[in-house]
4 protein chains.
Amino acid sequence: MTADPETTLRADARRNRDQILAAAKTIFAVSGPEVPMEEIARAAGVGVGTLYRRFPDRDALVRAVAMDNFERVLIDARAIAAEETSSWRALERLLRQSVELQLSIQLAMVSHRALVILKGDPEVRRLRDEILAVVEDFVRGAQAEGVLRPDVGAGDIAILFATLLRQMRAKSSDVAEMAARRCVGIMIDGLSARPGTELPGRPIMADDLDPAADHS
Amino acid sequence: MTADPETTLRADARRNRDQILAAAKTIFAVSGPEVPMEEIARAAGVGVGTLYRRFPDRDALVRAVAMDNFERVLIDARAIAAEETSSWRALERLLRQSVELQLSIQLAMVSHRALVILKGDPEVRRLRDEILAVVEDFVRGAQAEGVLRPDVGAGDIAILFATLLRQMRAKSSDVAEMAARRCVGIMIDGLSARPGTELPGRPIMADDLDPAADHS
Amino acid sequence: MTADPETTLRADARRNRDQILAAAKTIFAVSGPEVPMEEIARAAGVGVGTLYRRFPDRDALVRAVAMDNFERVLIDARAIAAEETSSWRALERLLRQSVELQLSIQLAMVSHRALVILKGDPEVRRLRDEILAVVEDFVRGAQAEGVLRPDVGAGDIAILFATLLRQMRAKSSDVAEMAARRCVGIMIDGLSARPGTELPGRPIMADDLDPAADHS
Amino acid sequence: MTADPETTLRADARRNRDQILAAAKTIFAVSGPEVPMEEIARAAGVGVGTLYRRFPDRDALVRAVAMDNFERVLIDARAIAAEETSSWRALERLLRQSVELQLSIQLAMVSHRALVILKGDPEVRRLRDEILAVVEDFVRGAQAEGVLRPDVGAGDIAILFATLLRQMRAKSSDVAEMAARRCVGIMIDGLSARPGTELPGRPIMADDLDPAADHS
DNA sequence: GATGAATGAGTATTCATTCAT
DNA sequence: GATGAATGAATACTCATTCAT
């Protein structure tokens with residue numbers, strides 16, 4: 001049992017862990033996940049040793065950052081689900097909000113390294129599946145509402161979603177941030193298009209994402 | 001003077017250069033642009049020494065791969081421009097075709113390293129601007145044709161375009177490939193949406209891309 | 001003053017000390033004297049802090065383990081001396097028994113590190129000298145009895161003795177244990193051989209061991 | 001195929017390899033097999049990189065040193081076999097010579113680390129078996145000649161042999177060297193003792209050494 | 001020119017030891 | 001006193017780049 005590290009750690013240790021995670025998230029976002037561990041430690045205000053005590057190696061750290069962010073997305077998604085009565089609006093909000101909210105985690109993914117690390121991690125997958133389950137609800141609901149084109153699945157959304165978020169790196173400029181939001185807008189229009197261009201293949205469902213493993 | 005390497009090199013040297021470029025493109029696509037130089041040399045069937053004679057350092061190689069790909073995109077774009085009478089159709093074709101055609105260059109960009117290298121390289125920029133000029137024509141034409149929503153600019157398209165292509169990495173599975181095409185489809189619908197959701201900010205033009213430097 | 005730690009410590013502190021010593025002895029025997037201090041602490045069921053309170057550094061611990069074992073050997077040797085009337089039999093018993101009894105201390109020596117630590121430590125040396133004194137008695141007695149070849153000294157025995165014991169590491173198998181006993185047997189026959197092959201050099205005495213410092 | 005590295009390497013590479021091996025052998029003998037790789041490289045007059053190119057990690061180097069030495073022992077053993085008509089004399093010579101000849105390899109074994117590395121390595125085992133085969137011949141022959149006690153096997157000899165050699169570390173002093181020779185002498189007398197003390201267990205044969213893996 | 005060997009700076013990681021809780 | 005968290009120096013190992021063959 002990994003137990004809940006949130007509750008198990010001594011107060012100071014806990015604080016360090018959080019600082020490391022926060023520092024890593026920021027730095028990964030700015031410089032990718034290959035930055036020297038020492039730089040992360042320094043940014044977190046701890047020695048490398050402490051970093052390594054908490055995260056046995058870089059992969060563990062990348063994983064932890066990813067998990068942390070996925071968790072936030074999930075919490076968000078659930079909050080939205082609870083608040084919105086319209087599935088379409090819920091989906092829309094999730095996509096739009098996440099752009100601003102979740103830059104970081106996706107950023108961690110702008111790297112082969114990170115992708116490889118995350119793929120195949122069962123915990124990451126579990127979390128992802130929970131998120132997808134929520135999205136799937138949104139999709140079905142929005143399609144029933146007649147606002148979402150019927151020829152897309154949660155998988156399509158997830159890929160689109162991941163694709164976009166993945167870009168948002170360091171919001172280095174106003175243009176970049178604006179661009180992100182505009183992309184989402186265009187995509188949402190594309191999603192609600194009726195009739196739209198005929199899409200090739202078939203709707204991609206949450207299940208389809210597993211073997212692909214290249215996305216989300 | 002770098003002169004035109006295409007014409008300056010002896011036949012065998014030329015062959016080596018091409019092999020290295022091809023190998024690098026493939027390997028970058030699969031494993032990112034941080035792979036050991038030796039691996040690239042091996043894949044190209046030459047010694048590292050030869051690689052270094054041709055490309056003074058990794059950056060030069062990354063640049064060369066990028067240039068090579070941009071060139072292909074440009075050639076494509078121009079061919080399409082010559083063939084299609086409808087600007088919208090031309091734009092559509094370019095976006096769709098490029099998914100399959102240009103994986104590699106974008107792939108080279110799935111990395112901070114590559115981004116940094118490419119940014120600020122005047123030759124790369126020049127080439128990019130030529131591509132953007134063509135796209136800008138398409139955009140204006142398509143808007144005149146009344147098919148493209150008027151609130152987008154070539155910059156929007158470029159970012160969208162780059163965003164998507166960037167995902168397509170190693171098409172590890174059928175689903176992944178299908179997903180790519182579907183994303184493009186949805187996006188195209190989003191682009192032609194009339195009326196669409198109101199987009200935030202203002203149209204992003206080709207010029208806007210320079211300072212942002214985070215995209216395209 | 002280190003005083004006699006046996007009497008100075010509080011009951012629980014004493015227990016800790018003993019546990020650490022026992023754990024260290026075992027672990028040194030199995031994995032050599034370079035194992036992480038933390039591993040020893042864990043095996044002893046205490047925190048590293050406690051270990052360090054008791055033994056200021058690794059060297060101190062190695063020394064303590066060695067001392068502890070030398071003491072046991074000395075006690076044994078004296079007990080044997082008291083019980084046996086024949087010096088040769090006493091010598092024989094000491095050698096044979098020690099194989100089973102004293103694995104550990106020798107084991108601690110299967111390492112440059114340990115050797116270096118122990119060499120030059122005056123307490124260790126004192127203890128060793130006491131043991132050698134007893135052995136020297138045995139040797140002289142056995143030679144007077146006419147059973148031990150006259151061309152060997154206590155030093156020869158000590159080296160032989162150390163040599164053999166040093167091998168016995170983790171008695172991973174029955175064969176290994178049997179082998180140890182057989183070696184001793186052969187060696188004892190070698191020692192009693194009359195006439196034996198002529199030995200090179202001259203008898204090595206207890207005194208000779210000091211400068212050599214590589215043995216015993 | 002590891003091919004014969006002796007023949008495959010470029011002249012300069014070959015020279016470096018040999019220097020590294022020689023340096024490692026010496027340093028291992030003096031300071032054990034845990035010395036910093038850099039120290040070995042420096043002693044060999046090469047950069048660490050070169051060391052690592054030739055031997056992918058420390059284990060590989062330890063293995064190589066061991067192999068090199070085993071080979072020398074085997075060559076010696078065969079030369080002796082060819083020259084001596086008496087098996088007993090051959091055995092004796094092998095044991096005596098090896099003390100002087102093979103210090104190093106055994107030295108490499110004065111360490112848990114080394115033991116663990118070597119155990120289970122098929123090439124090392126193969127070489128060891130070849131040596132044992134020669135010894136086995138000597139043993140049988142010497143017993144037929146009536147000079148070697150009949151209750152010992154090649155395994156006994158090997159263990160005794162290994163045991164002794166293992167001690168001889170850096171011949172830090174004349175006494176140490178003399179001691180080594182004297183030990184061998186005593187052991188040889190022990191081996192030829194007739195009648196000797198009854199040995200416990202049964203003769204240890206070459207085959208017995210495999211599972212034990214703790215010796216030779 | 002081509003090759004691949006050598007170099008050594010750059011990083012990851014470990015672990016002895018100290019110190020706050 | 002006990003504990004285990006934090007520190008950072010010591011080392012292993014990798015890989016870009018240079019250079020002898």
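Letters go in sequence order (proteins before strands), and every chain restarts at 1. All heavy atoms count here, side chains included; hydrogens, waters and symmetry mates do not. On a predicted model such as this, the values are computed, not experimentally measured, just so you know.
Between D/Asn16 and E/dA5 there is no side-chain polar atom (N or O) within less than 4.0 angstrom of OP1 or OP2.
The shortest distance between side-chain heavy atoms of A/Pro36 and A/Glu39 falls below 4.5 Å. At a threshold of 4.5 Å between non-hydrogen side-chain atoms, the residues B/Phe28 and B/Leu61 count as touching. B/Arg58 places a side-chain heavy atom less than 4.5 Å from the side chain of B/Val62. A/Arg54 places none of its side-chain heavy atoms less than 4.5 Å from the side chain of A/Asn16.
Each of C/Arg53 and D/Asp12 has a nearest nucleotide on DNA chain F; the 5'-most of these lies closest to C/Arg53.
Applying the side chain to side chain contact (heavy atoms under 4.5 Å, CB included) rule to D/Arg15 yields the partners D/Asp12, D/Gln19; only residues at least two apart in sequence or on another chain are considered. For B/Arg63, the side chain to side chain donor-acceptor pair (under 3.5 Å) criterion is met by B/Asp121, not counting sequence neighbours. Residues passing the side chain to side chain donor-acceptor pair (under 3.5 Å) test with C/Asp57: none are found, sequence neighbours excluded. With sequence neighbours left out, A/Glu38 forms a side chain to side chain contact (heavy atoms under 4.5 Å, CB included) with A/Arg42, A/Val48.
Atom CZ in C/Arg17 sits roughly 13 Å away from atom P in F/dA2 (whole-Å rounding). Between D/Leu51 atom CG and E/dA5 atom P there is a gap of 15 Å when expressed in whole angstrom units. Atoms CD1 (C/Ile20) and C1' (F/dA2) sit 11 Å apart, rounded to a whole Å.
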Return the polar atom pairs (N/O with N/O) between nucleotides 11-14 of chain F and the protein under 3.5 Å, or none.
from   : atom 1 : to      : atom 2 : distance (Å)
F/dA12 : OP1    : D/Arg58 : NH2    : 2.1
F/dA12 : OP2    : D/Met37 : N      : 3.1
F/dC13 : OP2    : D/Tyr52 : OH     : 2.8

Legend entry - Strand DNA chain F as a dot-bracket string - pairs counted if Watson-Crick or G-U with both distances under 3.5 Å, | where the partner lies in another strand: .||||||||||||||||||||

